[in-house]
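Just follow the structure's listing: the first ligand is 1, and inside any ligand the first atom is 1.
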Amino acid sequence: MESDFPNKALTRTRFSELNPPLSELVLEALTESGFEFCTPVQAATIPLLCSFKDVAVDAATGSGKTLAFVVPLVEILRRSCSNPKPHQVFGIIISPTRELSSQIYHVAQPFIKTLANVKSMLLVGGVDVKADMKKIEEEGANILIGTPGRLHDIMDRMDILDFKSLEILILDEADRLLDMGFQKQINSIISLLPKLRRTGLFSATQTEAVEELSKAGLRNPVRVEVRAESKSVNDPAASQQQTSSRTPAGLQIEYIECEAEKKPSQLVDILMKNRSKKMIVYFMTCACVDYWGLVLPRLSALKSFSLIPLHGKMKQAAREKALASFTSLSNGILLCTDVAARGLDIPGVDCIVQYDPPQDPNVFIHRVGRTARLGKKGHAIVFLLPKEESYVEFLRVRRVPLQERSCSNDASDVVPEIRSAAKKDRDVMEKGLRAFVSYIRAYKEHHCSYIFRWKELEIGKLAMGYGLLQLPSMPELKQQSLSKEGFVPVEDINLEDIKYRDKSREKQRKQNLQAKKEAKEKETKPQKPNKTPKAAPVTRKKTAKQRRAQQSVEDEDELMQEYRLWKKLKKGTIDEDEYAKLTGTEELL
Ligand code: ADP
Ligand code: MG
């Protein structure tokens, strides 16, 4: 019987049958967008919000939460703002990333258009805030959709905006918005809003923090929880359990237990065997995405692949372009950080690969949720190091069942090819080093540090897996007894001799080297006797080692600097904002 129905992710309740009834104009807009039947979360949530209830909604990824708040927001505004003044704000929708805010803005447009004289505005970072302000001043803004930082900035700067008649506030990906990273901004935004308003919190992973806010800011919120049945999971142990899965029913998740030095070869093998698929590969940090985005396309096996990097340190225009081109592809690979983990509704994604598990275990659910959306099937694979295997049990307890998948035996070893790419282009070598350092630094901040124990990282194998030519001399490597086993340094080349493939960059490097040399000569000659004690440790070393040291000095300085900041943060000498500013905001996104 189910199979007769258009989509098993839909209920049999039509939007036109909801109570209180939706307006004709919204029903028309729904029909035009091809939406006739409600998803479970829509059937449950729309009537609640429309009848003056606050809601905290927890429903799987891809279950249709966006319309579950867009439709009621529009209906509430239809009733309450018949003749809006240009700068009277009635509704606000906040989400954690620019891409997601933009997506929500576009999904909402056909519905907002049914409201006469109501103007909505997308407010996200990466564009000039003055331009936003000018636009608001000239055109007015009754619904604000955006990221916390920019929204707060605008609310703070623009007295012209009037929030006294605000009807509804929506936090999409609420748990993320209410965690440490955003809490301050969200609280400041809320403090500028009237207390008597409706609030809706939406996510696939509600947490205690959300519960706290529910207690604080929401008036008797109704909890809506919609879960997928676990029956589709082909795991007898799991299907016997009566608990429902936190991930969509059509999603199969596998884990590969794989030594660090084998990871790139296994990844390339997976990509090659899924040549016709549309895939997303998640990495730990922006630097990792930069590196693999540079090196993977240089591997002969991936020559004809579309590999698109996306992370939050890219320029806004490049971010938009990356997402737009991946969206339009029928097959291709997005290489990204968690900036693309939550909320994005990219059509036709078949498979999610987590090259590195996320720092925050909740993000796991969001990452894999980019596939198997709205009743479709999907597949996800997560790489785990042998020592991380207890993560499987950890997730199982959290109702995220994983199946084992073994390493492919016929994967050819790509490490030599990566290393040869590094020898041919200094950019590859440097980005590899940076990625490696950033990975270790991020690993130290794993939320489940009892599963992901950085002191047990096998640095040697890890460095092999990054295709590094030499082990860098990070302070961590000196201070801790991390295993360097498995690393075979490349001895047949002086790192200093490795040139940038980019001619002008190489020219610049040569000039810098020359200038440094001259400066050093000038400096050391006249005051040689005084200088010796300081200069000695470096000059006494063997030349190869010296070069290596020189190579990593910059990384090391940067790392030590950040480590000092981190300690200050822990001590409370600086706060989160300052820390983020000083270290470069949101390394992981
Ligand atoms: P979530 O926020 O729960 O992850 P989205 O709101 O992004 O999910 O919706 C997932 C997909 O489902 C979108 O492509 C959306 O267009 C589609 N969708 C949502 N509601 C319906 C519906 N009632 N009928 C058909 N498709 C729907
Ligand atoms: Mg969503």
Under-4.0 Å heavy-atom contact with ligand 1, by part of Q42 that carries it: side chain

Expected output: side-chain T39 to main-chain S63 donor-acceptor under 3.5 Å: yes

Closest approach of any protein heavy atom to atom 4 (O) of ligand 1, naming residue and atom: G62 N, 2.7 Å

T61 neighbourhood, listing ligand 1 atoms whose heavy-atom distance to it stays under 4.0 Å: 4 (O)

Close N or O approach (F37, ligand 1; < 3.5 Å): yes

NZ/NE/NH1/NH2 to OD/OE distance under 4.0 Å, D172 and K65: no

R246 and T205: side chain donor to acceptor below 3.5 Å: no

K273 atom NZ, neighbour heavy-atom count above 12 within 6.0 Å: yes

Backbone or side-chain N or O of S63 under 3.5 Å from ligand 1 N or O: yes

Close approach, A59 and ligand 1, non-hydrogen under 4.0 angstrom: no

Protein residue, atom and distance nearest to atom 10 (C) of ligand 1, heavy-atom basis: D345 OD1, 3.6 Å

Region of L10 engaging ligand 1 - heavy atom pairs below 4.0 Å: side chain

F15: numbered ligand 1 atoms lying under 4.0 Å from its heavy atoms: 23 (N)

For atom 8 (O) of ligand 1, the protein heavy atom that lies nearest, with its residue and separation: G64 N, 3.1 Å

R373 neighbourhood, listing ligand 1 atoms whose heavy-atom distance to it stays under 4.0 Å: 1 (P), 4 (O), 5 (P), 7 (O), 8 (O), 10 (C)

Carboxylate-amine/guanidinium contact D132 K135, below 4.0 Å: no

Exercise: do E99 and Q103 side chains pair donor with acceptor under 3.5 Å: no

Lys/Arg N to Asp/Glu carboxylate O, K263 vs D356, below 4.0 Å: yes

Side chain, backbone, both or neither: the part of L374 lying under 4.0 Å from ligand 1 by heavy atom: side chain

Ion pair R367/D338, N-O distance below 4.0 Å: yes

Which residue and heavy atom of the protein sit nearest atom 3 (O) of ligand 1, plus the separation: K65 NZ, 2.8 Å

A60 to ligand 1, any heavy atom closer than 4.0 Å: yes

Side chains of R78 and T114, donor plus acceptor under 3.5 Å: yes

Residue L67 vicinity, atoms of ligand 1 by number, heavy atom under 4.0 Å: 20 (N)

Any F202 heavy atom less than 4.0 Å to ligand 1: no

Backbone or side-chain N or O of T66 under 3.5 Å from ligand 1 N or O: yes

Under 3.5 Å: N/O of F35 near N/O of ligand 1: no

Side-chain donor or acceptor of H366 paired with backbone N/O of S203 under 3.5 Å: no

Test: R227 and E225 ion pair at under 4.0 Å: yes

